[in-house]
Amino acid sequence: MSNFIDIGALGDIPQQGARLVKTAAGCIAIFRTVEDKVFALDDKCPHKGGPLSNGIQHGEAVTCPLHNWVFDLNTGVAAGVDVGQVQTYPVKVENGRVLIDKNSIATKAAAA
Amino acid sequence: MAMKLVVIGAGMASGRAMEHLLAANDEIYDITLFGAEPRGNYNRIMLSPVLSGQKSYEEIVTHDAEWYRSHGVDCRFGEIVTGIDRIRKVVISAKGETPYDKLLIATGSSPFIIPVPGRDLKGVMAYRDLGDVNAMLEYSQRPDPRAVVIGGGLLGLEAAAGLSAQGMKVTVVHLMPHLMERQLDQSAGFLLQSELEKRGIDILCGANTKEIQGEAQVSGVLLEDGREIPADMVVMAVGIRPNFGLAQASGLRYNRGLLVNDQMKTDDPEIFAIGECVEHRGGTYGLVAPLYDMAKVAAKNLLGFHETFEPVEISTKLKVTGCDLFSAGDFAEAKGREEIVYRDATQGIYKRLVIEDNRIIGVVMYGDTVDGPWFLQKLKDAEDISEIRDTLIFGPNFAGGAALDPLAAVAALPDDSEICGCNGISKGDIISAINNGAGSLAEVQALTKASTSCGTCLGLTTQLTALTLGDGFKLPEAAGMCKCTDLSHQDVRKFIRLKALKSIPAIMQDLEWGSSGGCAACRPALNYYLVAEWPGEYVDDGQSRFINERVHANIQKDGTYSVVPRMFGGMTTPDELRAIADAADKYNVPSVHVTGGQRIDLLGVQKEDLPAMWADLNAAGMVSGHAYAKGLRTVKTCVGKDHCRFGTQDSTGLGIKLEKALWGAWSPHKFKLAVSGCPRNCAEATCKDFGIICVDSGYKLLVGGAAGMDLRETELLGTVETEADALEHCAAFYQLYRENAQYLHRPYKWIAEVGLDWVIEQIMDNAENRAALADRFFFSQSFYQTDPWAERAQGGEAHEFTPMADLTQVAAE
């Protein structure tokens, strides 16, 4: 069952930018697109561990800053010839606040 | 639920197989990995450089503890597997039983120990793993250490060269008449022997070992002919044999090795085997390339695909620095065979081609091996060489008359030749991408990533695409700047000017961008063009900058950053150095490095520490060095006439003035300067984007140098008489480059496009134009010459450096 909690205002994240949420099992990157859609993915590229929150965001995708792997923000799946997937987390925006599913984070922490 | 995969053997083959497997799917299997050595996987091919001291063990580790942990591999290193129960599907080891659904055997090979008396003495060792290398290094520390290496093949000679480099007196005892007889003919073997003897290694060919002498510890080696060679240690490097005792005991089929089919499967459908332990179609393997192929095939088949292993013809190279040799095919003399030989005695070059029925069947080269792959391809193709026989030995570059077809060189490359080194893409990969539907250069790049990293292989990739597509290929005349638009960089810049486009969304709207928000290639370029075109008006878009320029530090491989404060003209003070040292202490900087641009790099800084560290450096009067920027980097100087007895001008002073005037500017690519006080050129001004060499009569201005992926010497822009002139010309040149060059082109690339004459015309021949360029540059500087560190140290862009929430204490409900 989902259980959403508030992690901050939508305005805290720059458009086409990302902010981090710290968890017991590493950081989650919260992305905000130019259309104000919000996505949450592990801040760790499956290739060499690059911090995806530092990548350039375009459309609903982000390019890892280390070796230019591109990930779909919806699914976390790598594009093109690269094979890999980043964990995604349920996240939503209500009344200008960003909410993330607490249980999915707790599960992540327990699995680590 | 995940299936259980047990892997026996933690070597290069199984390491590669797990990589392929986990990259494709890390959920199908829970992996347990047994390894006899008390450590994870490392690059065994690189043991020779470790032995010779050119590399450390840490540098050759391919999978560290973190890799295994993060991929969830249960590691059982140092735990010997004693049996496999195939009925109950369990692996038996000291600590009990481990069940498997699939088993991967990669137990490698064992060194062959010749059965002579004394082979069990202390000090007799093989050359297979890190333990052997460490034991050898221990012996090399003794006073006047002596070693005998039995075996003059690839492995033995690498061991001998390594031990010799460690200061040991080494003798190689080789049974055959010349060295590396499996790879070299007599002449090449002789050249190799001379080279090794020059390094002080004794080589005894045709020498048969009778006994290894000593009480408990080795003291020497006795040969059949009665010679005795004193030795503290003996390395046996006479060959390897597949190691498959475990598989044999469990009843799997074997011959010389553990038998596998084309899918790398043993006769038990749940058990795969790869690497040096297997026998495939009658062959066993000892070189890494086919083992990697096996790993890939096994991984695919473990995932349920049907992949087939095809052995390919391989060539050999020796990893001894300075011994350049190449060998492939069959080069024995025989009836009906002819040979073409080229020798250059003074340079120690020897090349020999063995020809049968007008086809190359063998290649041996020593001293100059660059044409090796070209010959190898002809050998593999069984190409009829009668037409080119007269000049064949001189290789593909023989200029015999008419210019070669530009596509011939790439056509001649073997399929496995690496085209793109950054992404590991071979010619065959590109061809198969095209066969799978890629119909243009852009599509080849998207499917394979070839030429998308450093770009040095773009020419080759383009040629290969043209060659493979044939008539279907259109050379991209002025290629679109990225997949979002067909307009070229130059087109886009023109429209920005003509239509007065002043934001990224305006450009995308007006020029009908093919994507909603651009991509990681076009956005940084557009942002730069707007910065350059509309200083003071355009609001920089941080989200369109690469992370380094967004956070004003260089991202490192582990996600930490490096910080380089500016040192104008390479000058510093005790106070600045103290502040740097204090910052390094305070923020636990793991590495402090002196850069080639005459300043200091603090490496390994945590991102959240950056603003506080900058505040400290600012307090000591230092600003960002922009070591991360497509912009003004450094002005390197020599000490000039204040100190140097040859100095003609104040090169340091001019360097400081230039850097004070230019710092903070953005440009299409990085921009580096140097000022040398005399033609001895100690500041290396002749490989900079803009260099100045001081002479008695004034200043020689040099442009278009580079010492990066390409090495370019500068060309002379002109000569001026005063410092003020030098400064104005430099600013004008920088502005001309900033206004005209394509993003990510350094000045040398841009000059090659527009021509040096045009640049000289704009700067040297037209004083009015020069002054206008310099004015525009300094106008732009009035907005951009601000310290980005200070802005952030005072709280700017805080969202970059702090998390938005801390959920480390969250628990499920």
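Keep in mind that the numbers below use all heavy atoms, side chains included, and drop hydrogens, waters and symmetry copies. Everything quoted here is computed from the prediction, not taken from an experiment. Residue numbers start from 1 in every chain, and the chains themselves are labelled A, B, ... in the order their sequence lines are given, proteins ahead of strands.
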Contacting region of [X] [heavy-atom separation from chain B under 4.5 Å]:
{"X": "A:A9", "result": "backbone"}
{"X": "A:P65", "result": "both"}
{"X": "A:Q15", "result": "backbone"}
{"X": "A:I30", "result": "side chain"}
{"X": "A:I7", "result": "both"}
{"X": "A:Q57", "result": "backbone"}
{"X": "A:V34", "result": "neither"}
{"X": "A:D6", "result": "neither"}

Contact winner vs chain B - [options], heavy-atom pairs under 4.5 Å:
{"options": "A:C27, A:S104, A:G55, A:A61", "answer": "A:G55"}
{"options": "A:I28, A:V62, A:T33, A:T23", "answer": "A:T23"}
{"options": "A:I100, A:L66, A:V70", "answer": "A:L66"}
{"options": "A:I105, A:V83, A:I5", "answer": "A:V83"}
{"options": "A:N54, A:I56, A:D82", "answer": "A:N54"}

Salt-bridge criterion met for [X] and [Y] (N-O under 4.0 Å):
{"X": "A:R19", "Y": "B:E800", "answer": "no"}
{"X": "A:K37", "Y": "A:E60", "answer": "yes"}
{"X": "A:D36", "Y": "A:R32", "answer": "yes"}

* Asked: Looking only at atom types and distance, does a side-chain atom of B:D510 sit under 3.5 Å from a main-chain N or O of B:I507, one as donor and one as acceptor?
  ->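 Between the backbone of B:I507 and the side chain of B:D510 there is no qualifying donor-acceptor contact (under 3.5 Å).
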
Report the distance from atom [atom1] of [X] to atom [atom2] of [Y], rounding to the nearest 0.5 Å.
{"X": "A:F71", "Y": "A:T88", "atom1": "CZ", "atom2": "OG1", "value": "12.5 Å"}
{"X": "A:N103", "Y": "A:D101", "atom1": "CG", "atom2": "CG", "value": "5.0 Å"}
{"X": "B:L511", "Y": "B:C484", "atom1": "CG", "atom2": "SG", "value": "12.0 Å"}
{"X": "B:K607", "Y": "B:T802", "atom1": "NZ", "atom2": "OG1", "value": "9.5 Å"}
{"X": "A:L20", "Y": "A:S53", "atom1": "CG", "atom2": "OG", "value": "4.0 Å"}
{"X": "A:W69", "Y": "A:C64", "atom1": "CH2", "atom2": "SG", "value": "9.0 Å"}

Atom group of [X] that falls short of 4.5 Å from chain A, counting heavy atoms:
{"X": "B:I555", "value": "side chain"}
{"X": "B:R69", "value": "neither"}
{"X": "B:P524", "value": "side chain"}
{"X": "B:E66", "value": "side chain"}

* Kindly check if the number of other-residue, nucleotide or ligand heavy atoms within 6.0 Å of CD (B:Q509) is above 12? =>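 Open.
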
